[in-house]
Amino acid sequence: MSNWIDIAALDDVPKRGARMVKTAHGCVAVFRTGANEVFALDNACPHKQGPLAEGIVHGRAVTCPLHNWVISLETGQAQGADEGQVATYLARVEGGRILLDATFLRSRKVAAE
């Protein structure tokens, strides 16, 4: 059973943008694509811990602002020749609000700020 946390209005996150959300379990980057899809990942690139919420969102990926690693928003997997992965979290939009699955969030280790 899921326990969904309302974290923000969809419009609080710009299209092709992100916001960092502080939770009791660490920091999560919440992304909004140009197609209004919402994804949530650890806010730390697997390479040098770059702040993914400050990266460039394109399609269903984000490019780390430090070293240009491309990370899939769907899987958290580094793309191309790069290797590594960040945790992904269940997120959804309901009634114009972004929700994160608190039960799933608590069960995973998230990156520190």
Side-chain angles (χ1 to χ4, degrees):
M1 184 159 96
S2 294
N3 179 22
W4 295 93
I5 301 171
D6 183 326
I7 59 163
L10 179 63
D11 290 338
D12 289 342
V13 179
K15 283 189 177 190
R16 292 174 297 283
R19 293 289 183 260
M20 193 265 300
V21 177
K22 291 182 180 180
T23 76
H25 307 285
C27 296
V28 175
V30 177
F31 301 90
R32 179 180 176 189
T33 67
N36 289 322
E37 297 172 295
V38 173
F39 297 93
L41 308 172
D42 279 347
N43 190 39
C45 178
H47 177 232
K48 298 269 185 174
Q49 309 310 300
L52 292 177
E54 296 175 21
I56 298 170
V57 177
H58 45 97
R60 289 182 167 181
V62 60
T63 297
C64 179
L66 294 185
H67 299 103
N68 295 321
W69 278 38
V70 177
I71 308 298
S72 167
L73 295 175
E74 296 173 286
T75 66
Q77 188 71 41
Q79 304 296 290
D82 297 324
E83 294 183 13
Q85 186 170 11
V86 297
T88 60
Y89 302 92
L90 296 175
R92 72 179 194 203
V93 177
E94 186 175 293
R97 303 292 300 178
I98 299 171
L99 308 174
L100 288 181
D101 183 343
T103 303
F104 186 74
L105 182 65
R106 280 191 294 268
S107 73
R108 303 287 300 266
K109 179 180 182 251
V110 293
E113 183 179 342

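Here Glu54 pairs with nothing under the salt bridge (charged side-chain N to carboxylate O under 4.0 Å, His left out) rule; sequence neighbours left out. Checked against ring-ring contact (aromatic ring centres under 6.0 Å, His included), His67 has the following partners two or more places apart in sequence or in another chain: His47.
Here the straight-line distance linking atom CG of Leu100 with atom CZ of Arg92 works out to 10.5 Å at 0.5 Å rounding. Summarising the geometry, atom CD belonging to Gln79 is positioned 12.5 Å from atom CZ belonging to Arg60; distances are rounded to the nearest 0.5 Å. Distance check, rounded to the nearest 0.5 Å: OH of Tyr89 to CG of Asp101 gives 12.0 Å. The distance from the CD1 atom of Ile71 to the CZ atom of Phe31 is 9.5 Å, given to the nearest 0.5 Å.
Counting all heavy atoms, side chain and backbone alike, Ile5 lies closest to Ala102 at CD1-CB, 3.2 Å. Minimum heavy-atom separation, Glu74 to Phe39: CG-CE2, 3.7 Å. Between Ala91 and Ala40, the shortest heavy-atom distance links the atoms CB-CB, 4.2 Å. Residues Gly50 and Cys64 approach most closely at CA-SG, 3.8 Å, considering heavy atoms.
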Checklist entry - Between Leu90 and Trp4, does a side chain to side chain contact (heavy atoms under 4.5 Å, CB included) hold up when you go through it step by step? => result CA-CA 9 Å; Leu90 296 175; Trp4 295 93; 4.0 Å; yes

Item to check | Check against side chain to side chain contact (heavy atoms under 4.5 Å, CB included), Leu73 and Leu41 | outcome: CA-CA 7 Å; Leu73 295 175; Leu41 308 172; 3.8 Å; yes

Item to check | Verdict with reasoning, Val70 to Asp82, per side chain to side chain contact (heavy atoms under 4.5 Å, CB included) | outcome: CA-CA 8 Å; Val70 177; Asp82 297 324; over 6 Å; no

Next on the checklist: For a side chain to side chain contact (heavy atoms under 4.5 Å, CB included) check, start with the C-alpha distance between Val93 and Asn36, then their side-chain angles and the critical distance, and finish with the verdict.
Outcome noted: CA-CA 9 Å; Val93 177; Asn36 289 322; over 6 Å; no

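At least one donor-acceptor pair under 3.5 Å links the side chain of Gln85 to the backbone N or O of Thr75. Judged purely by atom type and a 3.5 angstrom limit, Gln77 uses its side chain to pair as donor or acceptor with the backbone of Gly84. Judged by distance alone, the side chain of Asn43 and the main-chain N or O of Leu52 form a donor-acceptor pair under 3.5 Å.
Within a 6.0 Å radius of CD1 in Ile56, no more than 12 heavy atoms belonging to other residues, nucleotides or ligands are found.
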Please tabulate, one pair per line, all N/O donor-acceptor pairs under 3.5 Å involving side-chain atoms of residues 7-21, not counting sequence neighbours.
| unit_1 | atom_1 | unit_2 | atom_2 | d |
| --- | --- | --- | --- | --- |
| Asp12 | OD2 | Ala9 | N | 3.2 |
| Arg19 | NE | Asp12 | O | 3.4 |

